[in-house]
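One structure below.
Predicted model only: the values in this text are computed from it and were never measured. Per chain, numbering begins at 1; letters A, B, ... match sequence-line order. Note that these values count all heavy atoms, side chains included, but never hydrogens, waters or copies made by symmetry.
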Number of protein chains: 2
Amino acid sequence: MTPMPRTMQTGSFRWMKSINKSIILNVIREKGPIPRAEIAKVTQLTPPTVTNIVGELLDAGIVVESDLGESTGGRKPILLRINASAFSVIGVYAGVDKIRAMSADLDGNLEGEAEVPIPPNPDRSFYIRSIIDTIHQLAAPIHHSGRPLLGIGVGMSGWVDHEQGISLSCPSLNLRNIPLRDLLEREFSVPVEVENGVRTLAMGESWFGEGREIADFICVHIGNEVNAAFVKEHSLVYSPSFTAGELGHTTVDIEGPLCGCGNRGCLEVFGSSVAMVRRAQEGLDQGVISSLNHHEGPLSERVLFEAAREGDEFARAVLVDTGRYLGIGLANIVNLFNPRRIILCGDLISEVPYVLHSLQETVEQRALATPVADVTIVPAGLGRNGGPMGAVTLVLMKLFQPQH
Amino acid sequence: MTPMPRTMQTGSFRWMKSINKSIILNVIREKGPIPRAEIAKVTQLTPPTVTNIVGELLDAGIVVESDLGESTGGRKPILLRINASAFSVIGVYAGVDKIRAMSADLDGNLEGEAEVPIPPNPDRSFYIRSIIDTIHQLAAPIHHSGRPLLGIGVGMSGWVDHEQGISLSCPSLNLRNIPLRDLLEREFSVPVEVENGVRTLAMGESWFGEGREIADFICVHIGNEVNAAFVKEHSLVYSPSFTAGELGHTTVDIEGPLCGCGNRGCLEVFGSSVAMVRRAQEGLDQGVISSLNHHEGPLSERVLFEAAREGDEFARAVLVDTGRYLGIGLANIVNLFNPRRIILCGDLISEVPYVLHSLQETVEQRALATPVADVTIVPAGLGRNGGPMGAVTLVLMKLFQPQH
DNA sequence: GTAGAATAATGCCAGTTTATTTATTGAATA
DNA sequence: TATTCAATAAATAAACTGGCATTATTCTAC
């Protein structure tokens with residue numbers, strides 16, 4: 001349904017054109033290579049309008065004519081596609097233990113990669129310096145190639161004001177109010193987009209992963225925290241102070257154990273990575289039989305995965321249990337939103353199948369029949385590259401949106 | 001941010017005009033009486049465009065020129081307002097124990113009311129007949145007055161397909177697949193809108209209640225079930241099978257008591273009206289001291305309210321406890337969505353203050369600090385009239401939306 | 001010749017710009 | 001005090017223009 005317009009954007013010629021231009025550009029991106037006539041058909045625009053707008057896109061160099069398509073009894077159609085090499089884009093995923101970055105063309109094809117490790121509790125200026133250095137590693141060859149840099153996208157875990165481009169707070173790094181956009185725009189002189197971690201992943205999945213064919217979905221990242229991002233009509237849903245999505249701090253057990261947030265029985269107390277490792281350690285301390293008893297050094301997520309892969313029943317049980325808890329949280333989301341798809345990110349999902357299976361089973365059991373029938377719960381399509389890819393997508397989005 | 005257009009509505013002249021027309025109409029409705037010059041200012045449209053479109057609205061009779069405004073050193077502005085008496089609208093709230101209906105003008109001013117009681121477990125055709133009869137009671141005088149009937153809105157508890165206008169399932173009435181739109185359009189020969197109960201209430205609040213000044217909010221109805229409706233940009237958010245909003249069936253207690261849905265520890269098991277009455281009865285059975293011990297007949301919500309008002313400590317404790325449970329469910333919503341406002345409907349909220357206060361306190365305690373600071377949780381502004389008013393709004397919405 | 005792709009020429013809708021009319025205030029003047 | 005006349009603001013008329021729509025034409029293949 002068309003949204004209620006109240007005091008929204010009014011119609012004008014420039015606006016109408018920018019909308020149509022954006023629609024055509026997106027059709028070429030998604031369905032290309034595609035001839036003009038086909039664009040006219042799917043967009044309901046008239047052929048002359050398409051020709052006119054495509055002309056401007058060709059002039060701008062964002063679109064190129066490539067091959068001729070097959071004729072079915074008439075002139076061969078001239079296929080149009082995005083000129084992927086018109087720009088390069090840099091995407092950075094600024095995590096807690098490392099900074100990962102990639103450069104890509106307009107189709108999201110990988111052009112370069114860089115990674116810098118971050119020690120625990122980094123100094124503020126060191127962390128910023130690391131981000132800048134990582135980007136420089138990728139920017140240098142781009143500059144050298146002569147291809148223009150369209151922009152830089154940054155996905156950063158924690159609380160982010162994407163409008164101002166500020167990392168408001170990143171608890172696991174103990175850093176606050178880093179004006180990343182300003183810092184990076186000054187350093188690199190290109191537009192910078194900054195977004196929260198899960199929302200960055202969600203945009204990556206929307207364009208290049210499991211969200212491609214679907215306008216509305218929910219993306220959930222499971223790590224030391226559990227966060228959700230809501231995608232509606234291919235766009236992120238925002239909230240007043242950008243804090244929506246705190247799935248990890250929804251109560252699933254009224255009188256449950258205390259959580260770091262001060263509340264009781266938060267999903268994060270049961271379903272996060274740290275919670276899982278803690279539960280495994282408790283089991284071992286209570287004398288459970290497991291190969292993990294022979295493990296040296298502190299228990300970790302990775303160690304649990306390894307043990308589970310090698311057949312350790314206890315490790316698997318811990319993973320299955322974690323999946324069950326997460327399934328309860330996701331069943332709540334299924335009942336509350338009736339989404340068509342939930343995309344799951346994080347090592348807990350991508351590294352071993354046990355969590356996912358148990359989670360899916362729990363949702364089947366606990367959520368209502370009708371919404372369960374609508375939803376598919378899938379692991380992220382981009383896996384470990386999701387972060388940088390998502391950050392690249394943040395920049396691409398701007399190019400493909402109506403300008404002004 | 002402008003939404004990503006993918007294959008959305010393309011820009012055309014008709015579309016542009018219908019958007020601008022709708023914007024102007026809404027500005028007149030919300031800010032009227034208002035002169036043309038002021039409309040131009042707030043919408044950013046040029047004065048001639050406003051004059052032109054207002055001309056059409058005047059011709060159509062939806063808008064009228066009323067008084068002259070105060071001059072501040074120039075020609076007095078001609079104030080425009082919605083011609084409220086251009087149409088009548090009928091709104092019906094089809095509940096479990098009664099059908100309530102009202103007729104109103106375009107400003108939502110009450111013109112007539114009707115109510116028909118429904119006995120338990122009504123026959124399908126009896127129920128449909130009752131709805132039709134109720135509407136006839138209001139339609140007759142409208143027909144007599146000669147004022148055209150714009151349409152009929154129906155809010156119906158349970159699962160509704162608003163696109164087809166079908167009540168898919170109403171568990172508490174044990175009725176299924178009632179094609180209300182078809183039935184009523186055939187009977188009354190005017191457009192009919194059918195919508196789910198909470199979503200109907202939400203639209204009423206959005207236009208005439210606590211949602212007037214706010215584009216995004218969440219409306220929660222607490223009764224024998226607990227349901228939510230999400231409003232984004234003044235419009236309802238929809239989901240694949242129209243089942244979004246099942247807040248009552250989100251788990252708040254992993255190993256909690258069984259719920260009718262088959263799951264455990266659903267919010268509804270703790271926070272609904274029936275759950276509250278059940279808990280009170282359990283307390284009494286266990287010998288709690290209360291004036292309720294002297295009450296004759298079965299315990300009910302109403303009896304509890306009365307006892308609480310008269311100072312019964314146990315009754316108040318039961319209400320406070322219910323508020324606490326509901327607060328946990330709402331804290332989850334606050335963390336998950338970071339909404340600016342939550343509007344609460346239902347007797348539990350409107351009849352006594354204890355539930356609301358306890359609920360608000362619980363949310364303050366249990367939700368995260370940042371989203372809590374953004375949200376205000378308020379009782380519905382329309383109270384017991386919310387249902388029929390919301391149903392009226394369903395019809396008004398269509399008039400004020402862009403046509404086609 | 002026919003069919004389909006692409007485009008050129010023209011039309012026309014609807015917002016924009018510019019100028020004009022109408023109506024009021026208020027200060028200067030008689 | 002009454003009259004005149006800028007100044008100001010609302011509303012509209014006239015002319016302009018941007019951009020989609022319609023129609024006709026060209027191009028290329030079957």
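As rounded to whole Å, 15 Å separates atom P of C:dG15 from atom CD1 of A:I19. Straight-line distance from the CD atom of B:E38 to the P atom of D:dA11: 10 Å, rounded to whole Å. To the nearest angstrom, P of D:dA11 lies 15 Å from CD1 of B:I53. A straight line from CZ of B:R14 to P of C:dC12 spans 15 Å, rounded to a whole angstrom. Rounded to whole Å, atom P of D:dC20 lies 5 Å from atom CE of A:M16. Put simply, CD1 on A:I24 is 14 Å from C1' on C:dA6, counting in whole angstrom units. With rounding to whole Å, A:W15 atom CH2 is found 17 Å from C:dT16 atom C1'. Spacing between atom NZ of B:K41 and atom C1' of D:dA10 amounts to 10 Å, rounded to whole angstrom units.
The main-chain N or O of A:L382 is found under 3.5 Å from a side-chain atom of A:E205 such that the two form a donor-acceptor pair.
Between A:T49 and B:K76, the one whose closest nucleotide on DNA chain D sits nearer the 5' end is B:K76. For the pair B:K17 and B:L68, both in contact range of DNA chain C, the more 5′-proximal nearest nucleotide belongs to B:K17.
Classified by interplanar angle (parallel below 30°, tilted 30° to 60°, perpendicular above 60°), the ring pair A:F230/A:F337 is tilted. Using cut-offs of 30° and 60° for the angle between ring planes, the A:W207 and A:F400 rings count as perpendicular. Aromatic ring pairs are classed by plane angle as parallel below 30°, tilted from 30° to 60° and perpendicular above 60°; the pair A:H162 and A:F242 is perpendicular.
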Walk me through whether B:K21 and B:E56 qualify under salt bridge (Lys or Arg N to Asp or Glu O under 4.0 Å). CA-CA 9 Å; B:K21 200 169 187 172; B:E56 290 183 24; 3.0 Å; yes
Using salt bridge (Lys or Arg N to Asp or Glu O under 4.0 Å), reason through B:R36 and B:E65 one step at a time and then give a plain yes or no. CA-CA 10 Å; B:R36 292 171 177 77; B:E65 297 184 336; 2.8 Å; yes
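A donor and an acceptor atom, one from each side chain of A:S241 and B:D374, are located under 3.5 Å apart.
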Show each protein N/O and nucleotides 12-15 of chain D N/O combination with a separation under 3.5 Å, one pair to a line.
| unit_1 | atom_1 | unit_2 | atom_2 | d |
| --- | --- | --- | --- | --- |
| D:dT12 | OP2 | B:R36 | NE | 3.0 |
| D:dT12 | OP2 | B:T51 | OG1 | 3.0 |

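Phosphate contact (OP1/OP2 of D:dG19, side-chain N/O of A:N20, threshold under 4.0 Å): absent.
Distances from the side chain of B:F13 to the nucleotides C:dC13, D:dA21, C:dA6 place C:dC13 closest.
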